[in-house]
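Below you'll find the structure, written out as structure tokens, and then a few comments.
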Amino acid sequence: MKKNIVKIFLIHICALVSLLGWTPLAKAAPAKNVVTTKKITTTRKAAPSPKIYTASKTITTRSQLSSALGLMKSAQYPQAANAFLSLSKRGDLASERSQIKYYLGLSLMEMNLNQAAAFQFVDVIKNGDQRWTRQAIENLLIVTDRLGDETLLNYAIQRIDVNQVPTQYRDMLYFRLGEIKHKAGLHQEAVQLYNKVGEQSRFYFSALYGRGLAQAEAKQPDLALQSFKKLLDTRSTAKVTDTNRVAAQLSIARTYYQKGSWEKSIEAYSSIPRDSVMWHEALFEKTWAMLRAARFRSTLSNFQTLHSTFYEDAYIPETLLLRSIVYLYICKYDEMEKTVGLFETQYGPIYAKMNQYLSQNHSSEAYFQEVNKAYITKKDPESKKSFSIPYNAIKHIAEEGDVRRTYAYLKKLSDERKIIEENPNLKSTPVGAYATRIVNNRLKSARSVIGDMVKANLLNMRAELRDLNEQASFIRYEMINGKKESLKKRITGKDLAEDGNSQNQDRSFYIQNGYEYYPFQGEYWLDEIGNYHYLGKQSCE
Amino acid sequence: MQKTEVFVTKKVLKFLLSATVLVSGVIAHADNVDVPKDELTQETVYPVFDNPVSVKNRNVQDAGALDIGVFGGLALTEPISSTTKVGADINYHINYFHSVGVFFAKTSAGLSKDAQGLKDQFGLDFNRAPKQDYSLMVDYNYKAFYGKLSLTSNGVINTTIYGSLSGGMVTYVHKSYPALAIGIGERFYFTNKLSLKLDLRLYAHTAPIPFKSGALRNGTNGTPVDPLPSYDSFEERLTYTTNLELGLNYLF
């Protein structure tokens, strides 16, 4: 509440100052805070001859502008926005258009119509009126950050002078700039920008994470470890499933993996709490670490979890091939054959369906509809049958970072449209219609972007599956070869007693329950996930 | 969060395949399995899933199945008549949670140990009083829990615990009475089909009271002989009986 009062107060001061005839650039002092602004305002209020900042000489025009500002001052934002919209269309006020658009943007911002507001600020920036550009960029930065609209955010950031941005927004700016540099592969610059984000900022943890990630990608694992450990220390008092805390643990594990420190990596992966959403990913990656550490028995234990029915919706084709390779290591050819067979049975139809869908559907909208369905029906297991793209593939795509982020933006746009539609006083006004038009256009565009992303992901997955299919053939060849060698040994009497027809062979998976173990009998229990242990022996001579 | 690119690549998969021969020797003598500490459970929490369910791919697939069985029982709180009975039941499992069925139980004809003692010692012959003959009930079960028990290090059995609500007729030698029963039961599955069924039911129904003066004495040990009473002459009232039943059932 207090914050809002200060904000409204600031807007009023700004408006008053403009009406008095000062350009915003003239009053722009670096590192201003609320207290200094108040002081300036008090002084200016005492100025003897206030002038309206407008080239128009007519009293009517001045009073219309004042009236619109008055509405904004009294927090009647819909009315103010309508008035500013109407003024912005007037040809005789062309010289004041930037100012009017800026205030229109502010009014829309106050109504949480961030997308519509963003367009006003973009217009001001495009107009190039230096008196309003800086404020417009600042506010564009704020609304695009609220929306998560990366395109407009980048547009704003590329035009901003960091030193002219109010202190409270600088951390956000450094963080966003860091992200841009990071994405561009400029890791050192990204690290420097992330370092500038203050400890009190809400972007601090993300910046620490981003810094570690940039360092890891720049092949500086020791520095990356320092960053991730710092993040972990900073979040040490948070609850064990805290996103930043778990992300730090996961990143430490990944960095050790990057360094080739398999055991340390496994230890770090093991510290990730099971009730964290990242646990599944950690388990999968831990399996790789175990494999690289030649802990084959442990690897198979994890596969028992990863290939359980609980993960029937997971898209993890390479794990099946990996499992078969582990069986190859320990000469369990029958198990290996079953696993390769499972890969072919599960992912063969998925590949065929992907192919079919890609050849039959070309519009972005079709791809968007599929992923949208995946988001909507995530909690409804029955709806899985209604997908044209196999559910585990579309679910995998829906969880991709780029798709998720754009979908979050789409959700915000939908919320914005809802605000307009649920407010009849706004909906029926020109500004309501104008904002609806903007939001609808953006919604259409966002849907198209998501559709294209889905298609691109699907194409990548198809290529990956094609590659994995080839590898499956190689694995089969190795299996046949292994079987042949095994038969030779059997004929010459060198085979191990245990080896042979495994139709009745014990799978040898056990489940740990406290200090007791009991055999796995085919059903999977939620509390047993992650507790399966392969206790079988290798069958190589 | 973004993911570093250092993991899980196809190249690694290829590398692993080619390295098979080199590393197979490393594990050639891993006979004694000692599960490392970092693989042992340290948490009692469950993993997070979009649609969390307790069990997947359950062993006992009773949904849509018929369940037929035989059982024997004891009326734990019956003082006079024989407390044993035998019967058969048939249930249809609508899904994993609900089942409906019928059961029939034939009560044995004799007297309880206490009633036999009264007869031998005091000449009170409760055979003169009407006794329960059989019961036929419609049964509904709500299977609240499905689980498993680790009995030995290698013996694991599945189990269901359910609540039951039954309604039907309890027939005495001379008359039938409507009856209600509520109870709790458990099935222990020795295999995915065969189960041991244990039921504890509380029956409520009107029943004749066997204690009637001037009707039970049969002249043993010098007691006078009462005229043989008609079954209808016995008073009736609402009675509650606790029954324990044990049976074997098979899922079809």
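These values consider heavy atoms only, across backbone and side chains, with no hydrogens, waters or symmetry-generated copies.
Contact between B:N59 and A:E523 at its shortest, heavy atoms only, is N-OE1, 2.6 Å. Among all heavy-atom pairs drawn from B:K56 and A:T309, the shortest one is CB-CB, 3.6 Å.
Within the model, atoms CG of B:N57 and CZ of A:F310 stand 10.0 Å from one another, a figure rounded to the nearest 0.5 Å.
Counting heavy-atom neighbours within 6.0 Å of B:Y134 OH, excluding the residue itself, gives a total of 12 or less. Enclosure of atom OH in B:Y92 by more than 12 non-hydrogen atoms of other residues, nucleotides or ligands within 6.0 angstrom is indicated. Within a 6.0 Å sphere centred on OH of B:Y240, other residues, nucleotides and ligands contribute 12 heavy atoms or fewer. B:F252 CZ: more than 12 foreign heavy atoms inside a 6.0 Å radius. Atom CD1 of B:I182 sits in a sparse spot, with 12 or fewer heavy atoms from other residues, nucleotides or ligands closer than 6.0 Å. More than 12 non-hydrogen atoms from other residues, nucleotides or ligands lie less than 6.0 angstrom from CD of A:Q220.
Within the 4.5 angstrom heavy-atom criterion, atoms from both the backbone and the side chain of A:S298 approach chain B. Residue A:W279 touches chain B through its side chain alone, counting heavy-atom pairs closer than 4.5 Å. There is no contact between A:T287 and chain B, counting heavy-atom distances below 4.5 Å.
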Tell me which donor-acceptor pairs under 3.5 Å the side chains of residues 65-74 of chain B have, and how far apart each pair is, sequence neighbours excluded?
{"residue": "B:D67", "atom": "OD1", "partner": "B:N249", "partner atom": "ND2", "Å": "3.0"}
{"residue": "B:D67", "atom": "OD2", "partner": "B:H93", "partner atom": "NE2", "Å": "3.0"}
{"residue": "B:D67", "atom": "OD2", "partner": "B:R187", "partner atom": "NE", "Å": "3.0"}
{"residue": "B:D67", "atom": "OD2", "partner": "B:R187", "partner atom": "NH2", "Å": "2.6"}

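Contacts with chain A (heavy atom to heavy atom, under 4.5 Å) involve these residues of residues 156-170 of chain B, listed by number: B:V156, B:N158.
The shortest distance between side-chain heavy atoms of B:P47 and A:H280 falls below 4.5 Å.
Interface remark: of the candidates A:G482, A:P273, A:S308, A:P273 forms the most heavy-atom pairs closer than 4.5 Å to chain B.
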Walk me through it: do B:Y46 and A:W525 pass the test ring pair (Phe, Tyr, Trp, His ring centres under 6.0 Å)? CA-CA 10 Å; B:Y46 300 158; A:W525 288 86; over 10 Å; no

